[in-house]
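In what follows, a single structure is set out as structure tokens and then discussed.
This structure is a prediction, so every number in the text was calculated from the model and none was measured. Below, all heavy atoms of this structure are taken into account, side chains as well, without hydrogens, waters or symmetry copies.
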Amino acid sequence: MGSVSPRRNRPRRDDTAHLDADRVRQGVASVQQWRDGEWQVRGISGGASVKTYRCPGCDQEIRPGVAHVVAWPADGRGDLTDRRHWHSGCWRARDRRGPVVQRGRGAPRHG
């Protein structure tokens with residue numbers, strides 16, 4: 001009786017589909033409907049977050065390494081300056097909040 005090699009159940013690394021590195025890192029944009037219109041929304045993983053942003057929902061910093069979302073108007077009239085980075089929870093709660101008052105650095109935080 002000859003020797004039988006075991007069956008290979010896993011695909012070879014060369015056979016696997018190559019994923020677009022930018023899409024894996026930045027996520028896939030989806031269109032979300034809100035009271036103020038349609039928005040393109042993309043999740044940003046913590047590993048892909050390398051800059052500090054200011055969340056328009058809470059006026060706090062989103063530090064590098066923190067997963068969050070980036071949103072921009074889906075009407076196609078905007079450009080890169082219309083993109084805003086949000087904490088994921090702030091984005092989900094945006095219909096339940098009033099507008100955030102932008103304060104200067106020297107302004108009191110309470111009151």
Side-chain angles (χ1 to χ4, degrees):
M1 193 173 208
S3 101
V4 177
S5 61
R7 185 172 148 183
R8 185 182 190 120
N9 289 326
R10 290 176 290 165
R12 292 185 182 152
R13 186 175 294 255
D14 296 342
D15 295 341
T16 59
H18 294 285
L19 296 174
D20 180 2
D22 286 339
R23 288 186 72 185
V24 170
R25 186 170 54 82
Q26 296 177 351
V28 177
S30 64
V31 176
Q32 294 182 9
Q33 180 70 45
W34 291 82
R35 285 188 288 187
D36 59 350
E38 290 186 344
W39 294 85
Q40 289 276 350
V41 180
R42 175 175 291 165
I44 305 295
S45 70
S49 177
V50 296
K51 290 174 52 179
T52 299
Y53 299 99
R54 176 129 344 240
C55 175
C58 66
D59 198 34
Q60 300 298 309
E61 288 184 346
I62 302 171
R63 305 289 300 167
V66 174
H68 62 281
V69 299
V70 61
W72 63 96
D75 59 13
R77 290 182 288 175
D79 60 16
L80 290 177
T81 63
D82 295 312
R83 295 187 337 166
R84 296 291 179 263
H85 293 256
W86 294 72
H87 291 108
S88 300
C90 292
W91 176 255
R92 287 189 302 268
R94 62 194 293 264
D95 276 347
R96 297 189 305 264
R97 292 183 159 175
V100 173
V101 176
Q102 298 290 328
R103 294 181 169 88
R105 287 183 176 251
R109 298 294 292 169
H110 305 285

To the nearest 0.5 Å, tell me how far [X] [atom1] sits from [Y] [atom2].
{"X": "Gln40", "Y": "Trp72", "atom1": "CD", "atom2": "CH2", "value": "5.5 Å"}
{"X": "His87", "Y": "Tyr53", "atom1": "NE2", "atom2": "OH", "value": "12.5 Å"}
{"X": "Gln32", "Y": "Arg92", "atom1": "CD", "atom2": "CZ", "value": "10.0 Å"}

Indicate the atoms forming the closest heavy-atom contact of Val69 with Ser88, along with that distance. CG1-OG, 3.9 Å
Smallest separation among heavy atoms of Arg63 and Glu61, with atom names: NH1-OE1, 3.0 Å
Should Val70 and Val66 be regarded as members of a common hydrophobic cluster, given that ILVMFWY residues are connected when their side-chain heavy atoms come within less than 4.5 Å of each other, either directly or indirectly? no
Counting only N and O atoms by type, is there a donor-acceptor contact under 3.5 Å from the side chain of Arg35 to the main-chain atoms of Asp95? yes
Measure from the side-chain N and O atoms of Arg84 to the backbone N and O of Ala71, and report whether any donor-acceptor pair falls under 3.5 Å. no
Where does the angle between the aromatic ring planes of Trp86 and Trp91 fall among parallel (under 30°), tilted (30 to 60°) and perpendicular (over 60°)? perpendicular
Given side chains that start at C-beta, do those of Gln33 and Glu38 come closer than 4.5 Å, heavy atoms only? yes
Report yes if some heavy atom in the side chain of Lys51 is under 4.5 Å from a heavy atom in the side chain of His85; otherwise report no. no
